[in-house]
Chemist: 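Below is a structure I'd like to ask you about.
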Protein chains: 2
Amino acid sequence: MHMKTGVEQSVYAVLLLNMLPDKAVLPGEAISQQLKASPTYFRKLLRKLVSADVIASVPGVKGGFKLNKRPEAITVYDIYLAIEGRQSLYSSSGILGDLLELEKEESCCLLTDLMEEAEVAWKSVMKRETISSLAEKMNEQQFLLKTEALQQWVQRKMVA
Amino acid sequence: MHMKTGVEQSVYAVLLLNMLPDKAVLPGEAISQQLKASPTYFRKLLRKLVSADVIASVPGVKGGFKLNKRPEAITVYDIYLAIEGRQSLYSSSGILGDLLELEKEESCCLLTDLMEEAEVAWKSVMKRETISSLAEKMNEQQFLLKTEALQQWVQRKMVA
DNA sequence: CTAAACGCGGACAATCATTATCCTCGTTAT
DNA sequence: ATAACGAGGATAATGATTGTCCGCGTTTAG
């Protein structure tokens, strides 16, 4: 049981897009290069973010991606949800029904409610952090110089 | 990202062992048959539970498994931990280090603390429910008759 | 004291989700 | 028109999980 690495990659991709000036976009290939991710697969992640309305895409030459919401309005959970989908961490395989020889209609599971609650707790922590709060952390003393270099890279690679 | 089905199976296995009278044991094969799980793989799960001191095993003919703690002292989390191990749900792949071109020593991740906290929240819910509280739920009105039938099956299959 | 029933442990194979590639298409700036 | 980009599907490679097999040590029963 492990979270997909795509979630981490996507968070940093969104952080890159957050460095764009208004109206500008960043081509998908530039992003995946910077993240050292496989370009073809990374496009799929970006499309999931588009479907979830976290980012927007612009087709055609001079196309690319940009944020679709204000950075304060994008939580880590939004990105998690876009990539991992709604499937819950736990789903009963119906063992209890077999054990007690229940009819299919009355099938139940002693764990479902508990695990549901656990998952809510886990997700609620992810909802607390937003892209803008993460961006602030990147701008702290220790990383300030490096982050500025990264912003300059964004300026060079962006279009429009 | 999905929890192993082995966790659910293990919880119900422990619930079965909880129905044993003192000193009695249940052979592994009987358990896996009742849970409709593959016997060879299920033995591995049982051994993980043994390593985690949740259950105890008795070798030799007339051998089998039994609880190693009072049912109030076994939480769902104990079983989760035995099966899934200590590996955390999230682990950074170090992208930020690449992005900012940090030296390896100062490598860091904006998400690690958050995800750590989320995982603590998720686990703390699992620590609330114990084998004895689950056993009570099985004895509620709607399942009482079926649960008694299951207890009789345990009586027949147990040894010593 | 031998055999049979059980748990232990490791090597190995099958299955399944995740990651990655490839090819074709629609869109847009030049 | 053509070149650069995103969209989407079919399909492989990878890796984790699940499942099998075989030989071993221990204990009870004959």
Side-chain angles (χ1 to χ4, degrees), chain A residues 1-10 13 17 23-33 35-52 55-66 68 80 82-85 87-91 93 95 157-160, chain B residues 1-10 13 17 23-33 35-52 55-66 68 80 82-85 87-91 93 95 157-160:
Chain A
M1 184 188 195
H2 198 277
M3 199 163 101
K4 299 184 193 169
T5 69
V7 176
E8 183 184 5
Q9 295 177 317
S10 298
L17 296 182
K23 306 284 176 187
V25 300
L26 204 50
E29 182 145 349
I31 305 175
S32 55
Q33 268 179 22
L35 297 184
K36 297 188 166 66
S38 92
T40 54
Y41 181 59
F42 199 74
R43 278 209 311 260
K44 296 197 169 191
L45 297 179
L46 289 171
R47 276 188 276 132
K48 287 189 177 193
L49 292 169
V50 170
S51 300
I55 67 178
S57 66
V58 176
V61 56
K62 291 209 167 185
F65 300 88
K66 63 184 175 188
N68 195 40
Y80 165 89
I83 305 301
E84 296 265 353
Q87 189 190 44
S88 52
L89 299 192
Y90 171 81
S91 64
S93 53
I95 300 179
K157 292 294 188 173
M158 76 186 191
V159 287
Chain B
M1 183 187 197
H2 198 275
M3 197 162 103
K4 300 183 194 171
T5 68
V7 176
E8 184 185 4
Q9 294 177 317
S10 298
L17 297 181
K23 306 287 177 184
V25 299
L26 204 50
E29 182 146 349
I31 304 174
S32 55
Q33 269 179 20
L35 297 184
K36 296 188 167 66
S38 91
T40 55
Y41 181 59
F42 199 75
R43 279 209 310 261
K44 297 195 170 188
L45 297 178
L46 289 170
R47 277 188 271 135
K48 287 190 178 191
L49 293 169
V50 170
S51 300
I55 66 178
S57 66
V58 175
V61 55
K62 291 208 169 188
F65 299 88
K66 63 184 175 188
N68 196 39
Y80 166 88
I83 304 301
E84 296 266 353
Q87 189 189 42
S88 52
L89 299 192
Y90 171 81
S91 63
S93 53
I95 299 179
K157 291 295 188 174
M158 75 185 191
V159 287

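What you see is a predicted model; the values in this text were computed from it and never measured. Protein chains get the first letters and strands the later ones, always in sequence-line order, with residue 1 at the start of each.
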Chemist: Output all residues satisfying side-chain contact (heavy atoms from CB on, under 4.5 Å) with B/Ala24, sequence neighbours left out; order by chain, then residue number.
Modeler: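 Result, side-chain contact (heavy atoms from CB on, under 4.5 Å) vs B/Ala24: B/Leu20, B/Pro21, B/Met158.
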Chemist: Under 4.0 Å from a heavy atom of chain A: give me the 5'-most and 3'-most nucleotides of DNA chain C that qualify.
Modeler: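 The protein-touched segment is C/dT18 to C/dT30.
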Chemist: About how many Å separate CD1 of B/Ile55 and CD1 of B/Ile31, when rounded to the nearest 0.5 Å?
Modeler: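 Output value for this atom pair is 6.5 Å.
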Chemist: Please enumerate all residues that pass side chain to side chain donor-acceptor pair (under 3.5 Å) together with B/Ser91, with sequence neighbours excluded.
Modeler: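 Counting only residues at least two positions away or on another chain, B/Ser91 forms a side chain to side chain donor-acceptor pair (under 3.5 Å) with A/His2.
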Chemist: What heavy-atom pair brings B/Leu45 and B/Ser10 nearest, and what distance separates the two atoms?
Modeler: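 Shortest heavy-atom contact: CB-OG, 4.0 Å.
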Chemist: Identify, with sequence neighbours excluded, every residue that meets side-chain contact (heavy atoms from CB on, under 4.5 Å) alongside A/Lys44.
Modeler: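 A/Lys44 satisfies side-chain contact (heavy atoms from CB on, under 4.5 Å) with A/Tyr41, A/Arg47 only.
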Chemist: What integer distance in Å separates B/Glu8:CD from D/dT17:C1'?
Modeler: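 My rounded result for the distance is 16 Å.
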Chemist: Checking B/Ser93 now: which residues fulfil side chain to side chain donor-acceptor pair (under 3.5 Å) with it, not counting sequence neighbours?
Modeler: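 Side chain to side chain donor-acceptor pair (under 3.5 Å) check on B/Ser93 returns A/Glu8.
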Chemist: Base contacts versus sugar-phosphate-only contacts with protein, heavy atoms under 4.0 Å: please encode nucleotides 18-30 of chain D as B, S and - from 5' to 3'.
Modeler: BBB-B---BBBS-
Chemist: Mind checking what makes side-chain contact (heavy atoms from CB on, under 4.5 Å) contact with B/Ala56, not counting sequence neighbours?
Modeler: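 For B/Ala56 the side-chain contact (heavy atoms from CB on, under 4.5 Å) partners, ignoring immediate neighbours, are B/Lys66, B/Asn68.
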Chemist: Name all residues meeting the side-chain contact (heavy atoms from CB on, under 4.5 Å) criterion together with B/Ser57; count only those two or more places apart in sequence or in a different chain, and write none if there are none.
Modeler: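 Only B/Val50, B/Phe65 meet the side-chain contact (heavy atoms from CB on, under 4.5 Å) criterion with B/Ser57.
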Chemist: Given atom CG of A/Leu49 and atom P of D/dG6, what is their separation to the nearest angstrom?
Modeler: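 Result: 14 Å.
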